[in-house]
Participant: 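There's a structure below that I have some questions on.
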2 protein chains.
Amino acid sequence: MSSADDVKLKQAREDFVAQWGALGTHWGINRTMAQIHALLMTEPEAIGTDEVMERLQISRGNAHTNLKELVSWGLIRTIVKKGERREFFEAEKDVWKIFTIVARERRRREIDPALGVLHQCLDDSRGIDTPEGRAFHEQMSKLAEFVGFASNVADRVSGMKYGIALQLAARLLS
Amino acid sequence: MSSADDVKLKQAREDFVAQWGALGTHWGINRTMAQIHALLMTEPEAIGTDEVMERLQISRGNAHTNLKELVSWGLIRTIVKKGERREFFEAEKDVWKIFTIVARERRRREIDPALGVLHQCLDDSRGIDTPEGRAFHEQMSKLAEFVGFASNVADRVSGMKYGIALQLAARLLS
DNA sequence: CCGAAGTTTCAGTAAATACTGAAATTATGA
DNA sequence: TCATAATTTCAGTATTTACTGAAACTTCGG
């Protein structure tokens, strides 16, 4: 028999999946990918493609693409069960690991290309001998320096053990 | 006469504007908004709507919407010149100020709503007395705690004076 | 090596997002 | 106050991004 608690949990989970999916949009992550991640984060057991399709009411292609994308991020991993031919997926549930994965991925997708552009413009404007040219070069230089610096800091922080990061943060908040 | 340096600068600037605009996409910022920001960041003088339209080859409506959005973020400000009827715009050029503005805005748009969802799910799953229910509640709790904590830390850092932040960062990288 | 179960790809379509251009509104100074 | 310059709004359209569903491909036990 399905108790009242089971119903409440089912609703809470569905709510979390739907809302987290909507949020994904603001994170540069598509809705489905965020929903699958939410689903797996709150699922005790590893589940297969067909169950994902059914729970989220999405097509096989969509489920497949986004599961693979999540695997490539490292936010979920594939599980092979003995005697089972198909693949199952389970989420990384440790919050610090999730954070470091997302931080790294965002650096790769958002910061590194920006640094590339800045360095190129820095080169292209080197030695332009007019007041405007020097001002432009100076602005590029400041931006590149700051972004590079911030990127290193973020890297360092997300490479820390959770305990160390926690200590550091606690000092900041005190 | 327009020297070779002037041509080089013009090209470098156009390149920066175009590429920065393309990057904006990966930042949850639309292309035009990022382009206008790039244009103004590398423009020594405040410029008006019509010049923005011409330099970027965009419509008045588009220019208007995105200029206002940038003003609302605080990344650019309006300038009124005496004897001029129209408004001019100039960008905030200080990299630390740009960083704190972007950090605050992203927290508001990305982190705060996530915290809201997590707290609601935390409430909805309180006291569900099954093993699965407790696991769900626990996972929500860990996520909410971490996200809230990280949000506070980010706030604290982006509220610092640049010099202090620099000191802190230098310590991290050493 | 065959057939079924499972996975991957992708052309076509749907949905979300951004942009245009012109009309409506507001502000200015003569 | 009026004429006009400037700003704001928004319906319609274009562009970009995401999703479907079915076909092609791969894998594995028998």
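Proteins get letters first, then strands, A, B, ... in listed order; numbering begins at 1 in each.
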Participant: Just so I know, are the side chains of B/T32 and B/I36 near enough to count as touching, which here means a heavy-atom distance under 4.5 Å?
Facilitator: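 Result yes, sub-4.5 Å side-chain heavy-atom pair found.
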
Participant: When you check the phosphate oxygens OP1 and OP2 of C/dC19, does a side-chain N or O of B/T32 lie under 4.0 Å from one of them?
Facilitator: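 Yes, such a contact exists.
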
Participant: Whole Å only: how far is the CZ atom of A/F89 from the C1' atom of C/dG6?
Facilitator: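 Taking atom C1' of C/dG6 as the reference, CZ of A/F89 is at 11 Å.
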
Participant: Look at the side chain of B/R85 and the base of D/dA6, then say whether one donor and one acceptor between them are separated by less than 3.5 Å.
Facilitator: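 No, no donor-acceptor pair under 3.5 Å.
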
Participant: Grab the CZ-C1' distance between A/R60 and C/dA11 for me, whole Å please.
Facilitator: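 It works out to 19 Å between those atoms.
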
Participant: How close or far is atom P of C/dG6 from atom CD of A/E51, stated in whole angstroms?
Facilitator: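 The distance from CD of A/E51 to P of C/dG6 comes to 14 Å, rounded to the nearest Å.
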
Participant: From CD of A/E69 over to P of D/dC19, roughly how many Å is that when rounded to an integer?
Facilitator: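 Atom CD in A/E69 sits about 12 Å away from atom P in D/dC19.
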
Participant: Taking A/D5 for the side chain and B/I128 for the main chain, is one N or O donor matched with an acceptor at less than 3.5 Å?
Facilitator: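 The answer is no, because no donor-acceptor pair under 3.5 Å joins these two groups.
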
Participant: Just one of B/R86, B/R60, B/R55 clears the salt bridge (Lys or Arg N to Asp or Glu O under 4.0 Å) bar with B/D50, so which one?
Facilitator: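 The salt bridge (Lys or Arg N to Asp or Glu O under 4.0 Å) with B/D50 is passed solely by B/R60 among B/R86, B/R60, B/R55.
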
Participant: A/H64 has an atom NE2; how far is it from atom P of D/dC19, in whole Å?
Facilitator: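 Going from A/H64 (NE2) to D/dC19 (P), I get 14 Å.
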
Participant: Judged by each residue's nearest nucleotide on DNA chain C, which is more toward the 5′ side, A/T49 or B/N62?
Facilitator: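 Looking at the nearest nucleotide for each, A/T49 comes out on the 5' side.
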
Participant: Which nucleotide wins on minimum distance to the side chain of B/N30, given the candidates C/dT8, C/dG21, C/dA18?
Facilitator: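 Output: C/dA18.
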
Participant: To the nearest Å, how far apart are A/N66 CG and C/dT9 P?
Facilitator: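 Going from A/N66 (CG) to C/dT9 (P), I get 14 Å.
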
Participant: Does the side chain to side chain contact (heavy atoms under 4.5 Å, CB included) test come out yes or no for B/T42 and A/M140, once each step is laid out?
Facilitator: CA-CA 8 Å; B/T42 58; A/M140 288 301 102; 3.7 Å; yes

Participant: If you look at every heavy atom in A/L122 and A/H137, which pair is closest and at what distance?
Facilitator: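 Residues A/L122 and A/H137, closest heavy atoms: O-CE1, 3.1 Å.
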
Participant: What contact category does B/T65 fall into here, base, sugar-phosphate, or nothing, at under 4.0 angstrom with non-hydrogen atoms?
Facilitator: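 B/T65: no heavy atom of the nucleic acid under 4.0 Å.
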
Participant: Report the residue (A/R86 or A/R31) whose heavy-atom-nearest nucleotide on DNA chain C is the more 5′ of the two.
Facilitator: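 Going by which nucleotide is closer to the 5' end, it is A/R86.
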
Participant: Can you tell me the distance, in whole Å, between the CG atom of B/D50 and the P atom of D/dA6?
Facilitator: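 So the two atoms are 7 Å apart, to the nearest Å.
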
Participant: How many whole angstroms separate atom CD of B/Q35 from atom C1' of C/dC19?
Facilitator: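 Taking atom C1' of C/dC19 as the reference, CD of B/Q35 is at 12 Å.
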
